[in-house]
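One structure below.
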2 protein chains.
Amino acid sequence: MSKQESLWTRSRQAVYAEITSVAMKLFLEQGFEQTTIDQIAATAAISRRSFFRYFGTKEDIVLGDLASQGILMRDTLEAIPLSVAPWEAIREALRRVGGLTQEPDVMLKVAKMMYETPSLRARSIEKHLQWQELLVPNIRLRLGLDADDRRDPAADAIVSSAIACLDVAGQIWTRTGGTADLADLYDRAVLAVRAPDDRTA
Amino acid sequence: MSKQESLWTRSRQAVYAEITSVAMKLFLEQGFEQTTIDQIAATAAISRRSFFRYFGTKEDIVLGDLASQGILMRDTLEAIPLSVAPWEAIREALRRVGGLTQEPDVMLKVAKMMYETPSLRARSIEKHLQWQELLVPNIRLRLGLDADDRRDPAADAIVSSAIACLDVAGQIWTRTGGTADLADLYDRAVLAVRAPDDRTA
DNA sequence: TGCCCATCTGGCACCGAGTGCCAAGCAGGC
DNA sequence: GCCTGCTTGGCACTCGGTGCCAGATGGGCA
């Protein structure tokens, strides 16, 4: 059962890769919205119907990683001792997962596309919101709350803000044409948010 | 020109109100996604085509206010002296605009719908992101930056986090069935985000 | 009163995303 | 070689949204 499984699992993964590769190429060439699913399916030599058996939506081709990365973030976060404070723990989890890494090549173009295409941006936010549900329980514990205390806004606020900072960092990163350092931008974002309301910046 | 304008402007606004009223009723009865535009148009006694002349998308019926509220927030924020620190200024602008007000009746059901309907949630976030562009320039000034310094993440991060806090507050508010105080939830959210990483909570 | 113009409206055809259904193909197990 | 289960493709359909055109409406003006 396990050998055979890995057989068509492998072929399935090959199809995934093929679709993704083909689609990404088309997206970067003609833009996301200008590329139809029929076109992707035709180029990948599968039927339109089969495409939807691999990807639920067109956006999932670009944002597929985000869902799994959320799980990864949760697991990583849970591996960090509860004695570590929330912001620090999130920052460390991001570092370990590699959410602060960037390879200027293709990534910049993809990022630009994500920030400029409304439907894509919306979906990416949506996926990030799912991170919230995944990470909040652990942050509650770090705040000394019950893991399922759904009436205290503290943990949700911290996670949500952290994700907002990550998003902003990515945004600025694309604005600078990928020249800035993503991790640094994130740190500066968090710093700005959490700095006391005194003079200077 | 001005008197006549107000004439068909009034009738136009009447149609707006009619559509909104009819649609909202249908949404609350059968859910957002279960209500088709044909149904709304038929109930409002207009053609499907005309509907789209009043609302660009189905979501706009529910979220129409958010766009104009963004403008209002910007204007309000700009009326607050630059000597007021960012977070404080945003908080004050929210208070003045009434973004922290809640009327438990219909509002709770609408809010629940918004948080439970993916497409609606996505669009609402999208609209909130437009707030960011509107509010950031003013916040930059409060930080001593140029109003169009697009390379510093600080202002974007603060605005984005504030909106995240507002969103979280609304979320918890609906979770509590509208019993909690929205302004209080927002304040607690901000407090949690900005509290120093000391031991305990 | 009658004409002119601008605007709003409805209806039609069309597109693209996404779903349900069913029949054909292609495994592997017995 | 047959049965079984999963995958595939194709078809028809729904729904949101757009472009286009023809007709109604109504106000301004001679």
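Order of the sequence lines sets the chain letters (A, B, ...), proteins ahead of strands, with each chain counted from 1.
- Nucleotide dC8(C) holds its P atom 13 Å from the CZ atom of R49(B), rounded to whole Å.
- A salt bridge links R121(B) with D167(B): the closest approach of a Lys/Arg side-chain nitrogen to an acidic carboxylate oxygen falls below 4.0 angstrom.
- With salt bridges taken as basic N to acidic carboxylate O contacts below 4.0 Å, none links R151(A) and D146(A).
- Looking at residues 109-119 of chain B, you'll see that no heavy atom sits under 4.0 Å from any atom of DNA chain D.
- Between V84(A) and E92(A), every side-chain heavy-atom pair lies at or beyond the 4.5 Å cut-off.
- You'll find the side chain of T176(A) reaches within 4.5 Å of the side chain of I172(A), heavy atoms only.
- No salt bridge links D152(A) with R175(B); every basic N to acidic carboxylate O contact stays at or beyond 4.0 Å.
- Spacing between atom CD1 of I46(B) and atom P of dG11(C) amounts to 12 Å, rounded to whole angstrom units.
- Of the residues in residues 52-62 of chain B, R53(B), Y54(B) come within less than 4.0 Å of DNA chain C through at least one heavy atom, sorted by number.
- In this model, the phosphate group of dG9(D) is approached by a side-chain N or O of S50(A) to a distance below 4.0 Å at OP1 or OP2.
- Looking at M113(A) and L120(A), their side chains come closer than 4.5 Å, going by heavy atoms from C-beta outward.
- With salt bridges taken as basic N to acidic carboxylate O contacts below 4.0 Å, none links E88(A) and R91(A).
- One interatomic measurement links the two molecules: CZ of F51(A) to P of dT7(D), which rounds to 17 Å at whole-angstrom precision.
- In this structure, CZ of R12(A) is placed 9 Å from C1' of dT7(D), rounded to the nearest angstrom.
- Using a 4.0 Å cut-off between charged nitrogen and carboxylate oxygen, R140(A) and D148(A) do not count as a salt-bridge pair.
- For DNA chain C, the residues of residues 17-40 of chain A within the heavy-atom distance limit of 4.0 Å (strictly under) are T35(A), T36(A), I37(A), sorted by number.
- Inspection of the S119(B) and E33(B) side chains reveals no N or O donor paired with an N or O acceptor under 3.5 Å.
- Heavy atoms from other residues, nucleotides or ligands lying under 6.0 Å from NZ of K127(A) number more than 12.
- Listed for the W131(A) side chain is a donor-acceptor partner under 3.5 Å among the backbone atoms of L66(A).
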